[in-house]
Amino acid sequence: LAKTTQPISMDSYEGQEVNITCSHNNIATNDYITWYQQFPSQGPRFIIQGYKTKVTNEVASLFIPADRKSSTLSLPRVSLSDTAVYYCLVGAAMDSNYQLIWGAGTKLIIKP
Amino acid sequence: EPEVTQTPSHQVTQMGQEVILRCVPISNHLYFYWYRQILGQKVEFLVSFYNNEISEKSEIFDDQFSVERPDGSNFTLKIRSTKLEDSAMYFCASKAGVVENEQFFGPGTRLTVL
């Protein structure tokens with residue numbers, strides 16, 4: 001199971017774009033990259049998932065270079081409510097035994 | 001929007017007692033999971049469940065733990081004899097199918113073992 005490395009914490013300001021990079025040097029061919037968000041005392045919430053290149057949805061973009069050894073979650077124009085812990089995970093999503101292995105995550109603090 | 005629910009929200013128990021944590025996954029989902037998160041620490045996988053049997057379990061999920069889907073809606077985690085170190089948030093999650101990748105998490109049950 002691939003291991004991920006993320007910055008422990010990041011600060012930014014309202015209205016800024018925030019990019020959180022995750023490294024996953026041992027990613028396997030059939031692994032997907034998934035990002036979750038967690039607020040204190042709540043369950044994690046799916047943000048975005050991708051396999052290669054770029055994926056965009058209504059809340060974020062995910063950039064994955066060709067070698068897939070890293071990925072960057074991009075949050076456009078953050079607000080105070082984006083303060084949370086962000087987890088990067090890799091795993092074989094097409095596997096019925098799909099197991100999410102969690103790292104420590106990145107604690108993002110948005111300041112006014 | 002459908003959601004995963006968990007009961008109770010907070011459970012306090014004495015060491016050595018049995019506890020059952022309950023989850024109602026999203027109704028058409030086929031894959032079910034339990035995770036735990038000790039306060040201030042990372043989320044840890046416990047067990048995955050599919051087709052009425054355990055698919056995979058972690059080292060944490062020892063003989064003190066069991067899971068059950070007693071009917072078509074509930075998914076339970078039982079801890080037979082709780083220890084102090086079992087105090088944590090326990091999250092249930094469900095996933096629609098093999099193709100769908102998103103796991104939907106419940107709000108969690110905070111278990112406090114005294």
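A, B, ... follow the sequence lines: proteins, then strands. Residue 1 opens every chain. Note that the structure is a prediction, hence the values are computed from the model and not measured. Just so you know, these numbers use all the heavy atoms, side chains as well, and skip hydrogens, waters and symmetry mates.
- Contacts between B:Q6 and chain A at a heavy-atom distance below 4.5 Å are absent for every atom of the residue.
- In the hydrophobic cluster analysis, where Ile, Leu, Val, Met, Phe, Trp and Tyr join through side-chain heavy atoms closer than 4.5 angstrom, A:F63 is grouped apart from A:Y87.
- Put simply, CD on B:E102 and CD1 on A:I47 are 10.5 Å apart, with the number rounded to the nearest 0.5 Å.
- Residues of residues 76-91 of chain B having a heavy atom under 4.5 Å from any heavy atom of chain A, listed by number: B:M89, B:F91.
- Residue A:F39 qualifies as enclosed at atom CZ: its count of foreign heavy atoms under 6.0 Å is above 12.
- Within 6.0 Å of the CD atom in A:E17, the count of heavy atoms belonging to other residues, nucleotides or ligands exceeds 12.
- Both B:L46 and B:L111 are members of a single hydrophobic cluster when ILVMFWY side chains are connected at heavy-atom separations under 4.5 Å.
- Transitive grouping of hydrophobic side chains (ILVMFWY, heavy atoms separated by less than 4.5 Å) brings A:V59 and A:I33 into a common cluster.
- Summarising the local packing, CG of B:L39 is surrounded by 12 or fewer heavy atoms from other residues, nucleotides or ligands at distances under 6.0 Å.
- Ranked by heavy-atom pairs under 4.5 Å with chain B, the first of A:G105, A:G43, A:S41, A:P40 is A:G43.
- Less than 6.0 angstrom separates the ring centroid of B:F105 from the ring centroid of A:Y36.
- Within 6.0 Å of CG in B:D63 there are 12 or fewer heavy atoms belonging to other residues, nucleotides or ligands.
- Pairs engaging residues 28-43 of chain B under the salt bridge (Lys or Arg N to Asp or Glu O under 4.0 Å) rule: B:R36-B:E44 [sequence neighbours left out].
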